[in-house]
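To start, the structure itself, in structure tokens.
Residue indices begin at 1 and follow the sequence shown. Heavy-atom basis, side chains included; hydrogens, waters and symmetry copies ignored.
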Amino acid sequence: MNKITCIAIDDEPLALGLIAGHIKKTPFLELKGEFDNPIDAMEFLEENPVQLLFMDIQMPDLTGIKFAKVLDRKYKVIFTTAYEKYALDGFKVEALDYLLKPISYEVFLKSANRAKRYFDEQSDSNESNSEIPLKLDKEFLFVKSDFQIRRFEYKDILYFEGLKDYIKLYVKSSKEAVVFHATLKAVEAKLPTDRFMRTHKSYIVNLQNVRLIEKYRIIFGTKYIR
């Protein structure tokens with residue numbers, strides 16, 4: 001069974017311990033970290049992306065709602081809070097669920113199962129899209145986009161950017177990206193490894209066109225790639 005990777009965030013030690021304990025006893029969840037503030041959690045996610053965040057709302061410095069607004073949408077959130085008044089705000093940031101404290105394991109498990117159904121559906125969708133619209137040759141590739149099939153020389157490709165189930169392809173000859181339906185993982189599996197490298201969870205770069213790296217960022221003109 002593929003487990004859903006999680007972290008728990010709450011500034012109240014007892015509440016944090018309770019949610020962490022619920023996660024640990026749930027077979028299809030895997031706890032990757034516990035944090036008493038969103039700032040530390042944000043730093044952790046930079047190097048250790050997970051799938052699901054169980055997060056309090058009322059926290060000093062940065063509330064759970066504000067943190068959710070700046071998170072990449074690939075992260076899903078279940079809010080855990082003592083305040084019912086934030087429910088609408090929670091769903092505005094596409095939270096999977098909103099749990100009111102104190103949270104029994106029965107209530108927690110129901111919410112966790114909702115998250116499991118969501119990730120199972122996402123996985124099924126990705127498998128159905130495994131045949132990606134990308135055909136390769138020795139020096140070029142074909143991409144199907146907007147009902148057209150377009151050819152791109154490898155030497156002209158700058159980088160690929162992953163956005164959920166879509167890819168943006170950036171080339172030297174155009175300021176506009178070419179968008180096509182696929183996952184970055186599927187694209188990475190097809191590209192020649194001597195030419196292209198996955199440098200970040202959201203980017204694959206063409207090594208031939210890397211000219212400048214500064215402070216852990218690859219610079220393509222005005223674009224900065226981690």
side-chain contact (heavy atoms from CB on, under 4.5 Å) evaluation trace for V210 with T199
CA-CA 12 Å; V210 174; T199 60; over 6 Å; no
Any salt bridge between E139 and R151, counting N to O under 4.0 Å?
no
D56 side, atom CG; K101 side, atom NZ - distance, nearest 0.5 Å
3.5 Å
Between the side chains of R217 and E214, is the shortest nitrogen-to-carboxylate-oxygen separation below 4.0 Å, so that they form an ion pair?
yes
Side-chain donor-acceptor pairs of residues 13-22 under 3.5 Å, sequence neighbours excluded:
| residue | atom | partner | partner atom | Å |
| --- | --- | --- | --- | --- |
| H22 | NE2 | I103 | O | 3.0 |

Would a distance-only check, ignoring hydrogens and angles, find a side-chain to backbone donor-acceptor pair under 3.5 Å from T80 to L99?
no
Which residues share a ring-ring contact (aromatic ring centres under 6.0 Å, His included) with F140, sequence neighbours left out
F142
Under the ring-ring contact (aromatic ring centres under 6.0 Å, His included) test, which residues partner Y166, sequence neighbours left out?
H181
Do V187 and V171 share a hydrophobic cluster, counting only Ile, Leu, Val, Met, Phe, Trp and Tyr and linking them when any side-chain heavy atoms are less than 4.5 Å apart?
yes
Taking R150 for its side chain and S145 for its backbone only, find out whether a donor-acceptor pair lies under 3.5 Å.
no
Please work out whether the ring planes of F44 and F35 are parallel, tilted or perpendicular, with thresholds of 30° and 60°.
tilted
Please, which pairs that meet side-chain hydrogen bond (donor to acceptor under 3.5 Å, both in side chains) have at least one residue in residues 26-35, sequence neighbours excluded?
T26-Y105, E30-K32
What residue pairs, at least two apart or across chains, pass side-chain hydrogen bond (donor to acceptor under 3.5 Å, both in side chains) with a residue in residues 62-72?
none
Any ring pair (Phe, Tyr, Trp, His ring centres under 6.0 Å) involving residues 206-226? Give me the pairs, sequence neighbours left out, ordered by first then second residue.
Y159-F220
